[in-house]
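Below is one structure, written out as structure tokens; the observations come after it.
Source: prediction; values computed, not measured. Below, read A as the first sequence line, B as the second, and so on, with proteins coming before strands; counting in each chain starts at 1.
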Amino acid sequence: MILAPDRTPLTRDFFDRPVLEVAPDLLGRVLVRDSDDGPIEVRLTEVEAYAGEADPGSHAYRGRTPRNDVMFGPPGHMYVYFTYGMWHCMNLVTGPEGEASAVLLRAGEITVGAELARTRRLSARNDKELAKGPARLATALAVDRSLDGADLCGDPASPFRLLAGTPVEADQVSEGPRTGVGGEGSVHPWRFWTANDPTVSPYRAHVPRRRRT
DNA sequence: CGAGCGATCCTCT
DNA sequence: GAGGATCGCTCGA
């Protein structure tokens, strides 16, 4: 028998753990995004861990800056960054304040509000593509830098919550190198996804940029 | 479904 | 001034 997803909101204790413990534990959890247009819920299927200032793949690697400030703050907050001149990506801050660890939300299945998500993701070829990739996920949820720092635990004004959902069993958690991260940052299998889930994004190896001619 | 390729601008050096 | 935790488009299988 299949249990209905648990709608209990996760508390700050969930996030206040080592990032490599939190990241795989996020699979199967449900992120709620409220907005004036209506609610959207996503069952998370793919994430990546970024492990503090010592992680060469992390935005925190070169220390605290205005952009990554939220990463250094308390756990259970959303870190949103803008990249490639066009896109936003979402992370959940983990570990104790000052540690700068976070989990990039890479993909999920829209379980509530798919109709609204379709209006924001007109290029999606099917519903599995609505949140298949970190920028696509942020687009489907209408997330931008204005939501950087939003609290997921206990702030009634926050548009985000994380529900317990149906956590993925350990033997259904796949892992591999992080997408688009090169060099020393690629040696660890810190990308986690739900095995055989059709909403997981395709792996893309890191490609160094060539200058325009 | 996927390989190849260009877009586009913020952030930090 | 360089480069990026990516994506959409096109074309072919």
Would you kindly say whether Glu46(A) and Ser201(A) are connected by a side-chain donor-acceptor distance under 3.5 Å?
yes
Could you check whether Arg43(A) pairs with Asp197(A) (Lys NZ or Arg NE/NH1/NH2 to Asp/Glu carboxylate O, under 4.0 Å)?
yes
Here the distance between atom P of dC5(B) and atom CZ of Arg204(A), to the nearest Å, is 15 Å
Can the positive tip of Arg33(A) be found less than 6.0 Å from the middle of the six-membered ring of Phe160(A), inside 45° of the ring normal?
yes
Writing each nucleotide of DNA chain C 5' to 3' as (, ), [, ], | or . by Watson-Crick or G-U pairing under 3.5 Å yields ||||.|||||||.
For Asp55(A) and Tyr50(A) the tightest heavy-atom approach is OD2-CA, 3.5 Å
Using a 4.0 Å heavy-atom cut-off across all strands, classify Gly57(A) as base, sugar-phosphate, or nothing.
base
Among dC9(B), dG8(C), dG4(C), find the nucleotide with the atom closest to the side chain of Phe82(A).
dC9(B)
So does Glu41(A) pair up with Arg7(A), basic N to acidic O under 4.0 Å?
yes
Side-chain contact check for Met86(A): nearest option of dT6(C), dA7(B), dC12(B) is dA7(B)
Nearest-angstrom distance from the residue atom OH of Tyr61(A) to P of dC12(B)
17 Å
With the side chain defined as heavy atoms from C-beta on, His206(A) is closest, among dT6(C), dC12(B), dG4(C), to dG4(C)
Among the nucleotides dG4(C), dT6(C), dA7(B), which one has an atom lying closest to any side-chain atom of Ala135(A)?
dT6(C)
Against the side chain of Arg121(A), the closest entry in dG2(B), dA5(C), dG8(C) is dG8(C)
Here's a test of your reading of the structure: between Asn68(A) and Thr83(A), which maps to the more 5' nucleotide of DNA chain B?
Thr83(A)
Distance flag, aromatic centroids of His59(A) and Tyr81(A), threshold under 6.0 Å:
yes
May Tyr84(A) be described as stacking on the base of dT6(C), applying a 5.5 Å centroid limit and a 30° limit on plane angle?
yes
May I ask you to decide if Ala102(A)'s main-chain N or O and Asn91(A)'s side chain share a donor-acceptor pair within less than 3.5 Å?
no
Looking at the side chain of Arg62(A), which of dT13(B), dG4(C), dT6(C) is the nearest nucleotide?
dT13(B)
